[in-house]
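Right, one structure below, let's go through it.
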2 protein chains.
Amino acid sequence: MRIGELSKRSGVAVPTIKYYLREGMLPPGERTSPNQARYDDTHLHRLRLVRALIDVGGLSVAAVRGILSTVDAPESDMEDLLKTVQKAVLPVPEPAAVDAQSSAEKEIHDLVIELGWDVSPKHFAVEALATVLVTARSLGHDRFLDFIRRYGPIMQQIGVADLDYVVGARTVDDLLEAVVVGTVLGDSVMITLRRLAQASETATRFPGGGDRQSLSD
Amino acid sequence: MRIGELSKRSGVAVPTIKYYLREGMLPPGERTSPNQARYDDTHLHRLRLVRALIDVGGLSVAAVRGILSTVDAPESDMEDLLKTVQKAVLPVPEPAAVDAQSSAEKEIHDLVIELGWDVSPKHFAVEALATVLVTARSLGHDRFLDFIRRYGPIMQQIGVADLDYVVGARTVDDLLEAVVVGTVLGDSVMITLRRLAQASETATRFPGGGDRQSLSD
DNA sequence: CGATAGTAGACAGCACCACTATCCATAATC
DNA sequence: GATTATGGATAGTGGTGCTGTCTACTATCG
């Protein structure tokens, strides 16, 4: 197909497709003449993936480009891919002041040990989580570590579900995409389900009549 | 304190504080003369909250303003607050094509029923989740509904933990802030813990030696 | 008291991001 | 042969989140 059809089938404007081509997020089409190219279903699929990561996952164009270049690299192993995807979709905030930050990192790592998890104390998510803890405490929320602790065993179940999903892939390409889609769209699933669960739990605990009922709405 | 001290104590540049004042995210200080004002600890706290929502929660200035104006409204009830906060932090993507979207919404609501949750079929998160489902399917991920289904009971536990946290507040102001902080920072906690759980589960299932070990890093 | 530094408020400017528009020469299509 | 589409290049646009500059004043310190 030519670029016009690709645009129609994907819902992405032609100039935007050209922009993605320039940015290397979409491989060039097969040349049929000096100024003509042909695109196929792989381009359509890639374009949909790009839009999914941007629209649903909320990623920046730069983050998408980073992920895709790792996916496309022939030597891309799971290690690189996981790290790239995980970091792309988790904008790590600036760590807090050194002392509060490092002691919070220790507390987080203690929690990880307590949970029996097999992760390095220097995992970037440990740092990120410690920053969240420091931030919450700077707002006077001193119960926040207990809040995090309570989340631990629950998120462990999520991790198991995630690995089950990824392992269900048939080919290597499927696996790579399952990691990307599972991680990025998975975050959206988690957050939206959390909203629903909160609304439901609120309605259950406070079944107040009248206008309060719409809390579950 | 004057604006300079507020800046030093919060780590926010003076022109930025002025910008937040202009935008109504920070209440004006108490005037001591036509061009002097004094700020107190409530300003410092509010400023930290703003930065937390922006830096850690990743919210836009507009979203923060919306949340804070609801928090500040004297007649703000839990209903308004929950909705505003939940929507601010969940950028709802454009729904997909009408037919695929509405059938997906039905599937999601069926799942909600299956889980025994008390939420309206028109809850905005139902629509958002349906959009995620449609997107995943457009990428050929037809196992995705099962993936979502698996998340359901797990996220229910999160909802319970969230309500427990909010209910632990002592005053009305504490409660309002617990909702905001619990929702926004809670999302960050969830996502970062998910990264750690994924890494740990990966390390457990594939304890490959050598360079593979750093998957858990 | 005067020198220096800080402040409120108004307004303009800036860097970045994600496109979008325009143009041209060529190619495809009717 | 007329119309429409295309590839490629370059420039422009609109939104966001600050940042810089200016002026008239105020605070502080030796």
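Proteins come first, then strands; the chains are lettered A, B, ... in the order of their sequence lines, and each starts at number 1. Side-chain atoms are counted along with the backbone in the values below, which use heavy atoms only and exclude waters and symmetry mates.
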Q | Over-ring placement of B/Arg143 relative to A/Tyr165, 6.0 Å and 45° cut-offs | A |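 Yes.
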Between [X] and [Y], does at least one N-O distance fall below 4.0 Å, as a salt bridge requires?
X: A/Arg46; Y: A/Asp72; answer: yes
X: B/Asp174; Y: B/Arg170; answer: no
X: A/Arg150; Y: B/Asp162; answer: no
X: A/Asp55; Y: A/Arg48; answer: no
X: B/Arg137; Y: B/Glu107; answer: yes

Q: Hey, can you tell me if A/His43 and A/Tyr39 have their rings parallel, tilted or perpendicular (30° and 60° cut-offs)?
A: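 A/His43 and A/Tyr39: perpendicular rings.
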Q. Once the angle between the rings of B/His141 and B/Phe144 is folded into 0 to 90°, is it parallel (under 30°), tilted (30 to 60°) or perpendicular (over 60°)?
A.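 Plane angle over 60°, so perpendicular.
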Q: Verify whether one side chain among A/Thr42 and A/Asp40 offers a donor that lies under 3.5 Å from an acceptor in the other.
A: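 Yes.
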Q. For residues B/Thr131 and B/Glu94, is any side-chain donor paired with an opposing acceptor at under 3.5 Å?
A.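 Side chains of B/Thr131 and B/Glu94: no pair found under 3.5 Å.
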(Q) Looking at every non-hydrogen atom in both residues, tell me the closest pair between A/Ile17 and A/Ser10 and how far apart they are. (A)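 It is CD1-OG, 4.4 Å.
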Q: For B/Arg149, look at atom CZ and say whether over 12 heavy atoms of other residues, nucleotides or ligands are found less than 6.0 Å away.
A: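 Yes, because the 6.0 Å sphere around CZ of B/Arg149 holds more than 12 heavy atoms from other groups.
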Q.
A quick test of your reading: do over 12 heavy atoms of other residues, nucleotides or ligands sit less than 6.0 Å from CD of B/Glu23?
A.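 Atom CD in B/Glu23 is packed in, count exceeds 12.
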(Q) Contact list please: residues 23-36 of chain A against DNA chain D, heavy atoms, distance less than 4.0 Å, in numerical order. (A)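 A/Arg31, A/Asn35, A/Gln36, in order of number.
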Rounded interatomic separation in angstrom, taking [atom1] from [X] and [atom2] from [N]:
X: B/Lys18; N: D/dT21; atom1: NZ; atom2: P; answer: 13 Å
X: B/Ile3; N: D/dT28; atom1: CD1; atom2: P; answer: 16 Å
X: B/Arg2; N: D/dT28; atom1: CZ; atom2: C1'; answer: 8 Å

Q. Is there a residue in residues 38-50 of chain B whose heavy atoms reach under 4.0 Å of DNA chain C, and which residues are they?
A.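 Result for residues 38-50 of chain B: B/Tyr39, sorted by number.
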Q | Span of DNA chain C in contact with chain B (heavy atoms, under 4.0 Å) | A |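 The protein-touched segment is C/dG6 to C/dC11.
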Q: Identify, with sequence neighbours excluded, every residue that meets ring-ring contact (aromatic ring centres under 6.0 Å, His included) alongside A/Tyr20.
A: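 Counting only residues at least two positions away or on another chain, A/Tyr20 forms no ring-ring contact (aromatic ring centres under 6.0 Å, His included).
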Q.
Quick check on side chain to side chain contact (heavy atoms under 4.5 Å, CB included): which of A/Val184, A/Ile54, A/Leu49 does A/Val64 satisfy it with?
A.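 The side chain to side chain contact (heavy atoms under 4.5 Å, CB included) with A/Val64 is passed solely by A/Ile54 among A/Val184, A/Ile54, A/Leu49.
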(Q) I need a per-nucleotide contact map over nucleotides 14-20 of chain D, read 5' to 3'. Cutoff is protein heavy atoms under 4.0 Å; write B for the base, S for backbone only, - otherwise. (A) ---BBB-
**Q.** Net bend of the helix from C/dC1-D/dG30 to C/dC30-D/dG1, end axes of five pairs each, nearest 10 degrees
**A.**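 Inter-axis angle at the termini of the helix from C/dC1-D/dG30 to C/dC30-D/dG1: 0°.
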